[in-house]
Asks: 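Dropping the structure in here first, questions after.
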Amino acid sequence: MKFIHSGKVKDVYELDEKNLLFHFTDRVSAYDVPMITNIKGKGEILCNFAEFWFTYLDSKNHMVRLDAKDKMVVKKLRMIPLECVVRGYLYGSLYERYIAGNNRLDLAPNMKIASILKDPIFDPTTKSKIHDQPISEDQILAEKILTNNELKHVKDLSIRLYKQMSNISNDAGFIMADVKFEFGKDPSSNEIILADSLGPDEFRMWNKDSYKVGEEQVSYDKQYLRDWLTKIGFRDKIKNASKDGKMPIPPELPSTVVNELLKRYSYVYKKISEL
Ligand SMILES: Nc1ncnc2c1ncn2[C@@H]1O[C@H](COP(=O)(O)OP(=O)(O)O)[C@@H](O)[C@H]1O
Ligand SMILES: [Mg+2]
């Protein structure tokens, strides 16, 4: 089996001509920076999540089978170099762009942080090794990443999938604030298929009970790690380092943070898969 790629989270192997093997590792990254501490058991939970959503969602996806608790065989695709982000709430980097006055997405004025958007929006980014950048639909067409029809399909599908995920999350007591999809083309038919993974690294999930507009939300996902990194000043270090095109050395994660993170990952999975 040929090793082909070690990503931020997954190790990818070529199983045969048509299939890849994803090994979901215990690695964790935040703000696009890989941490040096592993979250033992995270890989298995992420693999469970991916299997759950691929089974549940009604769109064609790349999953073939599970080979182990943390190993998924997927169909090899020609990946579309976009992160197809859908957002239902004003949060994260969208909120940062919004208050900075960059309102390319035509959002209503004077909204508070964590406000629900009138309709979910498609807010894609480039796929970059260093830092993903927002990309407009015009740019996607101009750079010939997708044709007009393909873009419409990918956009509609992304929003539809977000709505489905958001509904099931709602039934389990959560708000899915946003999600990131990746799609690829089947090399034989050129059909666009849902790929990569779907788990807490791909979406923001809030508890419905504690949701409050105008405030930072208690989250059951990686936001907890992001918030901790911000608190210890690491977010500023990343911002400063990235000005010089560098990456700062990440801190060792304390066991309290590791355990809390794992607890949140498993809690959401349990609630959702119990439905
Ligand atoms: N079905 C697929 N066929 C080919 N490549 C895929 C498929 N699904 C996902 N990928 C790609 O495999 C890689 C998975 O690695 P990942 O751990 O997400 O790392 P990173 O995002 O840091 O590259 C990503 O580059 C993703 O775009
Ligand atoms: Mg990835």
Side-chain angles (χ1 to χ4, degrees), residues 1-36 38-39 42-55 57 59-86 92-93 123-135 140 145-146 150 154 157-158 161 178-204 221-222 225-226 238 242 247 250 265:
M1 200 165 51
K2 196 172 119 201
F3 170 80
I4 43 174
H5 172 89
S6 181
K8 282 177 287 234
V9 173
K10 300 186 272 310
D11 285 338
V12 182
Y13 300 84
E14 194 174 56
L15 204 58
D16 53 52
E17 222 171 90
K18 292 198 166 146
N19 298 293
L20 300 177
L21 181 86
F22 277 3
H23 173 210
F24 291 83
T25 70
D26 292 337
R27 294 194 290 268
V28 63
S29 73
Y31 297 118
D32 294 328
V33 178
M35 299 290 117
I36 44 177
N38 280 353
I39 313 285
K42 172 178 178 274
E44 196 178 313
I45 298 177
L46 294 197
C47 190
N48 288 338
F49 263 111
E51 185 197 21
F52 172 79
W53 289 116
F54 285 144
T55 310
L57 293 169
S59 148
K60 223 176 180 182
N61 65 70
H62 70 164
M63 180 170 70
V64 177
R65 63 171 188 273
L66 252 58
D67 263 5
K69 285 179 177 168
D70 56 356
K71 293 190 178 72
M72 182 180 281
V73 177
V74 303
K75 193 167 187 178
K76 201 198 301 178
L77 303 173
R78 278 188 284 113
M79 294 304 286
I80 296 166
L82 290 175
E83 310 237 316
C84 296
V85 179
V86 180
S93 67
D123 186 24
T125 73
T126 58
K127 251 185 87 62
S128 148
K129 281 223 157 59
I130 303 152
H131 193 65
D132 304 330
Q133 297 291 344
I135 181 167
I140 293 174
I145 297 173
L146 294 172
E150 287 169 344
V154 161
L157 181 56
S158 298
L161 291 174
D178 44 47
V179 63
K180 185 259 312 189
F181 302 105
E182 285 186 37
F183 298 95
K185 289 183 185 168
D186 186 322
S188 50
S189 64
N190 234 17
E191 191 184 3
I192 293 178
I193 293 176
L194 177 61
D196 205 53
S197 183
L198 285 175
D201 286 342
E202 282 75 32
F203 49 69
R204 272 199 184 88
D221 57 33
K222 216 161 64 172
L225 176 58
R226 296 191 188 115
I238 301 173
S242 72
M247 211 186 257
Y265 280 110

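Counting starts at 1 for both ligands and their atoms, following the listed order.
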Asks: Please confirm whether the backbone N or O of Gly7 pairs with a side-chain atom of Arg27, one donor and one acceptor, at under 3.5 Å?
Replies: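 The answer is yes, because a donor-acceptor pair under 3.5 Å joins these two groups.
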Asks: Taking 4.0 angstrom as the limit and counting only heavy atoms of Glu182, give me the atoms of ligand 1 inside it, by number and element.
Replies: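 Ligand 1 atoms under the 4.0 Å threshold to Glu182: 26 (C), 27 (O).
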Asks: Report the C-alpha distance between Arg78 and Asn190 in whole Å, list the side-chain angles of each, state the deciding distance to 0.1 Å, and finish with yes or no for side chain to side chain contact (heavy atoms under 4.5 Å, CB included).
Replies: CA-CA 9 Å; Arg78 278 188 284 113; Asn190 234 17; 2.8 Å; yes
Asks: Any idea which protein heavy atom is nearest atom 3 (N) of ligand 1, and the distance to it?
Replies: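 Nearest protein contact, heavy atoms only, for atom 3 (N) of ligand 1 is Leu77 N, 3.0 Å.
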Asks: Under 4.0 Å from a heavy atom of Ala195: give me the atoms of ligand 1 that qualify, with their elements.
Replies: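 Going through ligand 1 atom by atom, the ones under 4.0 Å from Ala195 are 8 (N).
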Asks: In the protein, which heavy atom is nearest to atom 7 (C) of ligand 1, and how far is it?
Replies: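 Ranking protein heavy atoms by distance from atom 7 (C) of ligand 1, first comes Met79 SD, 3.4 Å.
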Asks: If we set the cut-off at 4.0 Å for heavy atoms, which region of Asp11 has an atom near ligand 1: side chain, backbone, both, or neither?
Replies: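 Neither; nothing of Asp11 gets under 4.0 Å from ligand 1.
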Asks: Quick check on contacts: which atoms of ligand 1 are under 4.0 angstrom from a heavy atom of Val9?
Replies: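 Those qualifying, in numeric order: 17 (O).
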Asks: So which pairs with a foot in residues 15-24 pass side-chain hydrogen bond (donor to acceptor under 3.5 Å, both in side chains), sequence neighbours left out?
Replies: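 Listed by first then second residue: Asp16-Asn19, His23-Asp70.
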Asks: Where does the angle between the aromatic ring planes of Phe24 and Phe22 fall among parallel (under 30°), tilted (30 to 60°) and perpendicular (over 60°)?
Replies: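 Judged by the thresholds at 30° and 60°, the geometry between Phe24 and Phe22 is perpendicular.
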Asks: Would Lys8 count as being in polar contact with ligand 1, using the rule that some N or O on each side must be under 3.5 angstrom apart?
Replies: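 Between Lys8 and ligand 1 (N or O atoms, distance only) the closest approach is under 3.5 Å.
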Asks: Mind listing the closest non-hydrogen atom pair of Lys10 and Asp196 along with its distance?
Replies: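 For Lys10 and Asp196, the tightest heavy-atom pair comes out as NZ-OD1, 3.3 Å.
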Asks: For Gly7, counting its heavy atoms only, list the atoms of ligand 1 lying under 4.0 Å from any of them.
Replies: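 Here the atoms of ligand 1 in question are 16 (P), 17 (O), 19 (O), 20 (P), 22 (O).
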Asks: For atom 23 (O) of ligand 1, what's the nearest protein heavy atom and its distance?
Replies: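 Scanning the protein heavy atoms, the shortest distance from atom 23 (O) of ligand 1 goes to His5 NE2, 3.0 Å.
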Asks: Heavy-atom contacts under 4.0 Å between Lys10 and ligand 1: side chain, backbone, both, or neither?
Replies: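 For Lys10, the contact with ligand 1 is made by both the backbone and the side chain.
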Asks: Starting from atom 25 (O) of ligand 1, which protein heavy atom do you reach first, and at what distance in Å?
Replies: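 Heavy-atom neighbour on the protein nearest atom 25 (O) of ligand 1: Lys127 NZ, 3.8 Å.
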Asks: Ignoring hydrogens and angles, tell me if any N or O in the side chain of Asp132 forms a donor-acceptor pair with the backbone of Thr125 under 3.5 Å.
Replies: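 A pair under 3.5 Å: no.
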Asks: Considering Val64, Asp196, Ile193, Val12, which one's heavy-atom position lies nearest to atom 11 (C) of ligand 1?
Replies: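 Comparing heavy atoms across Val64, Asp196, Ile193, Val12, the nearest one to atom 11 (C) of ligand 1 lies in Asp196.
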Asks: Are Leu161 and Val179 side-chain neighbours, meaning at least one heavy-atom pair lies under 4.5 Å?
Replies: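 A side-chain contact under 4.5 Å is absent here.
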Asks: With a 3.5 Å distance limit and no angle check, can you tell me whether Glu202 reaches the backbone of Gly199 through a side-chain donor-acceptor pair?
Replies: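 Pair found, side chain donor or acceptor close to backbone of Gly199.
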